[in-house]
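Below, all heavy atoms of this structure are taken into account, side chains as well, without hydrogens, waters or symmetry copies. Chain letters run A, B, ... following the sequence lines, proteins first and then strands; every chain starts at 1.
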Amino acid sequence: MSAPLAFAPIGELAGRLRSGELSAADLVQCYADRIATLNATSKAFISLDLDRAIATAKSQVISPEDNPLKAIPYACKDLFDVKGLVTSGGSRVLADNIAAHDADVVTRMNQAGAIFIGKNNLHEFAYGATGENALYGTTPNPYDQTRLAGGSSSGSAAALGYGLCAAALGTDTGGSVRAPAALCGLAGFKPTFGRISTEGVIPYSWSLDHVGTMARSAADTALLFNVLADNVRDSAVIKLDELSIGIPEGFFFARADTEILDSIDRLMNFFRDAGARLKPVAMPSMEHSRTVSLTVQMPEALSYHNRYLDQRGDLYSQDFRAGLALGQCLLAEQYIRAKRFIESYRRDMDEVFDGIDLLLTPATPVIAPKIGAVEVTVDGQSEPAGNAITRYTSFFNMTGHPAITLPCGMHSEGLPIAAQLIGKHYGDEQLIAAATLIESSYDFKLPLPGF
Amino acid sequence: MKRLQQQTLLGIRDQFGSYAWDDAEISELVDPQLGIITSFQELLDELELLRKIDLGSIPPAADISVK
């Protein structure tokens with residue numbers, strides 16, 4: 001049976017659009033109606049472009065040769081420029097910042113015929129993984145409105161989770177696409193560093209920023225990647241019984257919710273039963289990785305935001321200003337040293353991938369935290385909620401490897417559990433193909449949220 | 001390494017060509033009260049540990065053009 005229209009994957013929507021069973025205008029109107037009803041609850045969109053979207057949809061003629069994204073309504077985090085619209089960064093600082101051009105990825109989506117419908121809420125300027133935003137509100141999780149959707153691409157996850165669009169673009173500097181996607185039961189993907197353009201996207205940290213995608217499935221992720229990246233290779237035929245999957249020891253399975261670990265265990269058993277080889281792998285030391293990441297992030301963020309600080313500094317939120325002030329007080333050699341550690345991590349990870357095709361980890365060590373929770377506690381140890389949300393994702397922003405998160409279970413508290421697969425550098429196509437095969441083979445179906 | 005002093009950061013602000021952070025923001029980095037930045041001293045302590053790790057001749061990670 002087809003999923004309700006608002007929760008249908010792109011592949012299904014494309015088929016219905018082609019057959020004439022569904023018109024582009026009706027599809028946009030379906031989401032528009034839901035946005036009118038649910039945006040106040042979900043806080044997914046900061047701004048909308050629905051009149052233009054409906055006009056575009058009415059003008060579209062769909063033929064079988066068209067890209068599957070034709071007439072597919074999508075949204076993007078409000079860091080992406082869309083010509084003529086405000087790019088706010090989720091901040092009062094840029095409330096009047098009207099974009100003169102489309103971001104590269106918006107151009108690509110539009111050229112494929114996808115229909116832009118609006119800008120998504122976010123943690124101010126992508127600084128934070130909880131998605132809390134004092135100006136535009138905190139996006140609640142579609143499976144439990146007392147809990148976070150996660151961030152920083154919080155509105156992008158909520159827009160999909162509440163059935164308000166078919167795909168969304170976000171940015172991922174430490175997990176800001178993958179983690180909220182994981183917490184909301186979506187497929188969240190970040191490519192190999194540099195494979196998708198960041199031009200026209202407000203930067204947070206140039207060394208770590210990736211533009212990524214959120215969708216309802218890995219199969220939909222492939223459709224998006226085909227449009228957003230250059231030189232996409234035809235997906236090789238992936239067979240589970242030919243895959244060698246690395247299981248990292250230690251860090252990625254420590255201090256995690258036991259139900260999350262149980263779900264990953266079940267996934268590993270599925271791989272074994274399917275004939276895949278699971279291989280324990282020794283990872284580079286993660287002991288200082290968060291320090292390394294932070295030491296790169298904050299001076300880079302400050303370097304970008306210095307252009308606004310003198311005139312509009314008082315419009316930033318208190319917590320982002322605090323982070324920028326920290327960036328001011330680090331030494332140049334500390335920044336360079338951190339970037340040398342990143343190079344060391346990259347080299348070590350390339351060696352790890354010498355003997356495996358993919359790496360498997362949980363996506364997050366915790367389910368979606370409660371809104372307002374400052375810390376979460378696992379195994380008796382507390383840590384800031386934002387740090388916990390991205391604990392398993394941020395390392396791969398430094399190494400630049402492609403990674404995707406996929407739902408693989410439901411927690412007894414009614415929230416999604418997700419796995420993370422990491423691929424080789426420039427192995428994005430193989431990674432997505434493997435994820436697509438897994439989601440079509442693994443006996444797990446995520447229930448839809450109750451909207 | 002000695003513990004961070006507020007005067008050190010005020011000196012950076014006033015003498016290094018920095019944005020004019022409020023005194024309270026500088027104070028918060030040194031002696032957190034609001035819970036916004038909880039660990040600048042810990043960060044500096046970790047950076048001191050990193051300084052003692054010999055990275056040989058490994059260069060800084062090169063960035064890839066993303067345009």
Side-chain angles (χ1 to χ4, degrees), chain A residues 104 192-201 203 206-211 285 287-288 290-292 294-296 298 302 305-306 309-310 313-314 317-326 328-331 333-347 374-375 384 398-400, chain B:
Chain A
D104 279 358
T192 300
F193 184 68
R195 277 208 76 180
I196 295 181
S197 171
T198 57
E199 187 71 15
V201 182
W206 294 283
S207 295
L208 305 171
D209 288 344
H210 299 62
V211 165
S285 169
E287 186 182 359
H288 301 296
R290 185 165 290 279
T291 292
V292 168
L294 192 64
T295 303
V296 169
M298 297 326 303
L302 173 64
H305 285 280
N306 249 324
L309 277 170
D310 282 339
D314 57 342
S317 66
Q318 194 179 24
D319 67 333
F320 191 41
R321 276 182 65 100
L324 295 176
L326 185 153
Q328 188 87 73
C329 299
L330 292 165
L331 302 178
E333 197 277 335
Q334 291 166 332
Y335 171 82
I336 295 292
R337 178 162 287 266
K339 294 209 64 167
R340 293 178 70 203
F341 268 93
I342 288 176
E343 178 64 18
S344 171
Y345 293 152
R346 287 181 184 174
R347 294 181 183 192
V374 176
E375 295 196 322
M398 290 189 279
T399 68
Chain B
M1 188 173 77
K2 292 180 180 175
R3 191 165 181 79
L4 180 67
Q5 300 292 313
Q6 181 170 355
Q7 203 59 36
T8 306
L9 301 189
L10 291 173
I12 290 173
R13 182 193 67 183
D14 297 337
Q15 299 159 26
F16 272 52
S18 153
Y19 171 69
W21 306 103
D22 297 339
D23 283 5
E25 289 173 312
I26 296 293
S27 177
E28 188 66 16
L29 288 178
V30 179
D31 182 20
Q33 300 294 322
L34 301 177
I36 299 171
I37 296 291
T38 57
S39 59
F40 189 44
Q41 182 63 57
E42 288 174 24
L43 179 69
L44 293 174
D45 291 342
E46 280 219 34
L47 287 169
E48 176 61 3
L49 292 175
L50 293 183
R51 188 180 69 82
K52 293 176 178 172
I53 296 173
D54 183 2
L55 288 172
S57 59
I58 290 177
D63 295 330
I64 301 164
S65 173
V66 288
K67 183 166 184 179

Exercise. Counting distance only, does the side-chain N/O of A:Arg346 pair as donor-acceptor with the main-chain N or O of B:Ala61 below 3.5 Å?
Worked result: no
Exercise. Does any N or O in the side chain of A:Gln334 come within less than 3.5 Å of the main-chain N or O of A:Leu331, such that one atom is a donor and the other an acceptor?
Worked result: yes
Which portion of [X] sits near chain A, non-hydrogen atoms under 4.5 angstrom:
X: B:Leu50; result: both
X: B:Leu55; result: both
X: B:Leu4; result: neither

So what's closer than 4.5 Å to chain B heavy atoms on [X]: side chain, backbone, both or neither?
X: A:Ser207; value: both
X: A:Arg290; value: neither
X: A:Phe341; value: both

Problem set entry | Working for side-chain contact (heavy atoms from CB on, under 4.5 Å), residues B:Ile58 and A:Arg347 | CA-CA 10 Å; B:Ile58 290 177; A:Arg347 294 181 183 192; 4.0 Å; yes
Exercise. Based on non-hydrogen pairs under 4.5 Å, which of A:Glu287, A:His210, A:Lys339 is most in contact with chain B?
Worked result: A:Lys339
For this session: Step through the shown structure and confirm whether more than 12 heavy atoms of other residues, nucleotides or ligands are within 6.0 Å of CD on A:Glu333.
Result: yes
Problem set entry | Side-chain donor-acceptor contact under 3.5 Å, A:Arg340 with A:Tyr345 |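 No donor-acceptor contact under 3.5 Å links the two side chains.
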Exercise. Rounded to the nearest 0.5 Å, what separation is found between the CD atom of A:Glu343 and the OG1 atom of A:Thr399?
Worked result: 11.0 Å
